[in-house]
Amino acid sequence: MNAIKEAHYNLGIAYLEAGQYSRAVPEFEAAVKLDPNFIGAHSALCRAYLEQNELESAGTAVTAALKLDANYQPALLLYGTLIEAYHDRGKAHLADRQYTEAVAAFQKAITLDTDLGDNSQVNRPENTHIYVHLGAAYTGLKAYQQAIEALQHAIAQDADLVDAHYNLGYAYVEQGTYNQAIPHLERAIAIAPHLKRAHYNLARAYRESGNLEAATNAITETLRLDPNYQRAHELADTIKQEHYNRGITYLNDERYSEAATALQNAITLDSDFATAHYNLGLAYLKMETYPRAVSSLEKTIALDPNHKAAYHALALSYLGQQELGKARDAAREALKIDANYQPARSLLEAIDPSFKPPETQDTPQSDPRQSIDSQPDAKSRQQTPTSTDTPDVKQDLERGLVFLSSRQYDQAAAAFKRVIKADASSIEAHFGLGQAYLEIGAFNDAKAAADTVLMLNPNHQKARELIQVIKFANNIERNKQIRKKVLPYTVILAVIVVGIFVEMKYEVIPWPNQNLNLSITEISLKDPSRNGFLDAGETAVLTLSIQNNGGTARDIEVRLQPAFIPGVDFKNAVLLQKLKKKTGEAIRIPMTADKNIKGREQPLQIQLFGKRGWFGKKEPLAVKDSSVKIIPDTPDPVLPRRR
């Protein structure tokens, strides 16, 4: 019987080596039937099934082999191969968007991996990525809670898995828990800055959590990485409109600084957003930040040359800068677009003595006084004394109007005063005098002249508008004087405040009550073989978790004692520039063992030194004892030869 069993086994091996797997299977099954304890035949049968991708049958065969000998090396290796095969099957289903099948394959791989246990005689396959792919498959099924659990398991094993952080952040976004999504998406970006999907979903999370400024930065970076990313453009338009709506609300509530910020964010996402530029100009105008108002309004006009309201606001901005010539030109441009646009007409009538309303420009005027008020009411005509008909008074009135038009304001004021001296009820002279005083900055005198016009004719609309312009200009001048007086004190106060802030934030001076409380909370060894030891010839990383529960510590030095370990290469002193209070830090120290090192348990003492503030003295902060187990190199086991 043994000869027949061996014959079936050897024939199966021959078929296996020739790649004729379907013919090998019945030979191995015949050998197993003759001898159920034939462990080599069970393992070979597993291999034949694996080659045909019959994973379930392969699992049955290798399980039977391990029941006979749990430490049988060929069976253990095949078991690991089976796990990888299920993993590969799951990835193929995932690529084809067959999410249910992918989940089943990944779960089978994880189950097998768990059953394999911690057998040190086999290199177990890396199962971290199985959890990452399982999370992606659950995400495809929109089973976000299961996806989150799988991805958290992966990150617990390796905190630097970019796919795990991205998929976890995406799952949180889809689940609607945006604040939990943000740190994982930011971590993914820190590891892979060019991952546009992470930037896009980070913008979604920030927008939904109400942080439009951060959402703007994230979506801007997304479009920088891929200008053709359509979904990013759609989200950018949505965020832009939300910024704009918020800016208009702030503008209506007279919160001009906040309005300017919101509108500027909208413009960041769309530089050709003419309406946003216009309202930004209005916000700056309300804040009396005239240069910025001019810039925004000029941009509006460049985008929309027929925006008459922008020309009018631009005229007011120039008026705020005391550039009356530019103000007149801007107001005239508004009237070119709409001759009946009342705000621009009223402004020109108040600041431009040569202005004639469009409907009266072709009407011949024999009296120069009509250039100021083309339709005086009956009361004013009756009150005008005959003395104004004398050549000297008429000539002075005309002279004043010419001087005013040519911006010779002192001469204009003198001419109007002569008219008023001869005829105290001359509305035209008082109104012209008010305009001249406005131009030279004599605001009180200008208002007195305008008030006189209203006393003579309460219905004189141009005088009312002139009073408004005078108030506007007077407020500007008064604010300038206040700022000039307050500025030196403001600078001194700002220096004091900045000094206090720097000390509080950066703790420059080591105050006596600035206690340091550093501790080493955890010590772990991350080695490639994942056996928890430092093997001969390998490089492992000793990770120290440091927690600071006191004030800010600076120039922290991590020292290992003994400073020299025979056969182990490592950096004894590791420097950390600063550790703020209530924060932690992980220190990683690579350790490389020589191939010929002797096995032992090496005691270690971890010492922390640091100082308070920039000018403090370095002092010991914490000490913790530990050890590293070193495993010597051993020859690989020799597998028994098969017949």
Side-chain angles (χ1 to χ4, degrees), residues 94-95 97 99 136 139-140 142 144 147 162-251 258-283 295-307 310:
L94 185 62
R97 299 187 179 182
Y99 301 119
T139 301
K142 298 185 179 180
Y144 298 118
V162 62
D163 288 345
H165 282 291
Y166 167 72
N167 285 314
L168 185 54
Y170 175 76
Y172 277 130
V173 169
E174 293 298 317
Q175 194 184 54
T177 49
Y178 306 108
N179 289 329
Q180 290 178 278
I182 289 170
H184 290 288
L185 292 168
E186 288 181 335
R187 179 60 178 160
I189 291 169
I191 300 170
H194 301 296
L195 188 58
K196 68 177 183 182
R197 294 173 299 160
H199 289 284
Y200 169 74
N201 284 290
L202 181 61
R204 292 177 61 199
Y206 272 130
R207 172 183 170 266
E208 294 292 348
S209 62
N211 191 342
L212 289 183
E213 288 74 16
T216 300
N217 294 334
I219 201 64
T220 300
E221 182 62 16
T222 307
L223 291 172
R224 186 190 69 80
L225 293 171
D226 185 357
N228 299 318
Y229 195 0
Q230 185 58 36
R231 285 190 295 172
H233 279 290
E234 294 168 0
L235 181 59
D237 288 340
T238 301
I239 297 173
K240 174 191 76 174
Q241 193 61 43
E242 290 177 352
H243 277 305
Y244 178 76
N245 294 341
R246 182 179 289 184
I248 296 302
T249 300
Y250 287 144
L251 200 58
E258 294 165 282
T261 299
L263 293 166
Q264 186 59 62
N265 283 328
I267 292 168
T268 298
L269 294 172
D270 183 359
S271 59
D272 294 336
F273 195 176
T275 309
H277 282 289
Y278 169 68
N279 285 287
L280 179 61
L282 292 185
S295 177
S296 296
L297 294 166
E298 286 180 340
K299 179 64 175 179
T300 305
I301 293 167
L303 294 169
D304 183 2
N306 294 320
H307 202 307

**Student:** Between His199 (side chain only) and Thr220 (backbone N and O only), is there a donor and an acceptor less than 3.5 Å apart?
**Tutor:**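 Here the side-chain-to-backbone pair does not exist.
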**Student:** So, taking the atom named CG in Leu212 and the one named OG1 in Thr261, what distance separates them when rounded to the nearest 0.5 Å?
**Tutor:**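 The distance works out to 12.5 Å.
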**Student:** What's the verdict on side chain to side chain contact (heavy atoms under 4.5 Å, CB included) for Glu186 and Ile189, showing C-alpha distance, side-chain angles and the deciding distance?
**Tutor:** CA-CA 5 Å; Glu186 288 181 335; Ile189 291 169; 5.6 Å; no
**Student:** Mind checking the CD-OG1 spacing from Glu208 to Thr177? Nearest 0.5 Å is all I need.
**Tutor:** 11.5 Å
**Student:** Verify the distance criterion only: is there a donor paired with an acceptor across the side chains of Gln241 and Asn245 at less than 3.5 Å?
**Tutor:**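 The answer is yes; a qualifying pair exists.
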**Student:** Run the side-chain donor-acceptor check on residues 163-171: report pairs under 3.5 Å with partners two or more places apart or on a different chain.
**Tutor:**
{"residue": "His165", "atom": "ND1", "partner": "His184", "partner atom": "ND1", "Å": "3.2"}
{"residue": "His165", "atom": "NE2", "partner": "Ala159", "partner atom": "O", "Å": "2.8"}
{"residue": "Tyr166", "atom": "OH", "partner": "Asn201", "partner atom": "ND2", "Å": "3.2"}
{"residue": "Asn167", "atom": "ND2", "partner": "Asp163", "partner atom": "O", "Å": "3.0"}

**Student:** How many angstroms lie between CG in Leu280 and CD1 in Ile267, if you round to the nearest 0.5 Å?
**Tutor:**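 Spacing of CG (Leu280) from CD1 (Ile267) equals 4.5 Å.
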**Student:** Walk me through whether Arg231 and Leu235 qualify under side chain to side chain contact (heavy atoms under 4.5 Å, CB included).
**Tutor:** CA-CA 6 Å; Arg231 285 190 295 172; Leu235 181 59; over 6 Å; no
**Student:** Could you walk me through whether His243 and Thr216 pass side chain to side chain contact (heavy atoms under 4.5 Å, CB included), step by step?
**Tutor:** CA-CA 9 Å; His243 277 305; Thr216 300; 2.6 Å; yes
**Student:** Can you check whether Thr222's main-chain N or O pairs, donor with acceptor, with Asp226's side chain at less than 3.5 Å?
**Tutor:**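 Here the side-chain-to-backbone pair does not exist.
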**Student:** Would you give the length of the straight line joining atom OH of Tyr172 to atom CD1 of Ile182, rounded to the nearest 0.5 angstrom?
**Tutor:**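 Reported value, rounded in 0.5 Å steps: 12.5 Å.
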**Student:** Looking at every non-hydrogen atom in both residues, tell me the closest pair between Ser209 and Asn179 and how far apart they are.
**Tutor:** CB-OD1, 3.7 Å
**Student:** Going from CG on Leu195 to CG on Leu225, what distance comes out if it is rounded to the nearest 0.5 angstrom?
**Tutor:** 9.0 Å
**Student:** Is there any salt bridge (Lys or Arg N to Asp or Glu O under 4.0 Å) pair reaching into residues 272-281, and which pairs are they, with sequence neighbours excluded?
**Tutor:** none
**Student:** Spell out, as yes or no, whether a donor-acceptor pair under 3.5 Å connects the side chain of Asp270 to the backbone of Ala266.
**Tutor:**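 No; zero donor-acceptor contacts below 3.5 Å.
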**Student:** Which atom pair, heavy atoms only, marks the closest approach of Arg246 to Gly210?
**Tutor:**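 Of all heavy-atom pairs spanning Arg246 and Gly210, the closest is NH2-O, 4.0 Å.
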**Student:** So which atom in Ala192 and which in Val162 form the shortest heavy-atom distance, rounded to 0.1 Å?
**Tutor:** CB-CG2, 3.8 Å
**Student:** At their closest point, which heavy atom of Thr300 faces which heavy atom of Tyr278, and how far apart are they?
**Tutor:** OG1-N, 3.0 Å
**Student:** Evaluate Thr238 against Glu234 for side chain to side chain contact (heavy atoms under 4.5 Å, CB included), listing each step before the verdict.
**Tutor:** CA-CA 6 Å; Thr238 301; Glu234 294 168 0; 5.7 Å; no
**Student:** Compare all side-chain heavy atoms of Asn279 with those of Leu251 and state whether any distance is below 4.5 angstrom.
**Tutor:** yes
**Student:** If you take all heavy atoms of Gly247 and Ala259, which pair is closest and at what distance?
**Tutor:**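 Gly247 and Ala259 have their closest heavy atoms at O-CB, 3.5 Å.
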**Student:** I need the minimum non-hydrogen distance between Val173 and Ala205, along with the two atoms involved.
**Tutor:**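 Looks like CG2-CB, 4.0 Å.
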**Student:** First locate atom CD of Glu221, then atom NE2 of His194, and finally report the distance between them rounded to the nearest 0.5 Å.
**Tutor:** 8.5 Å
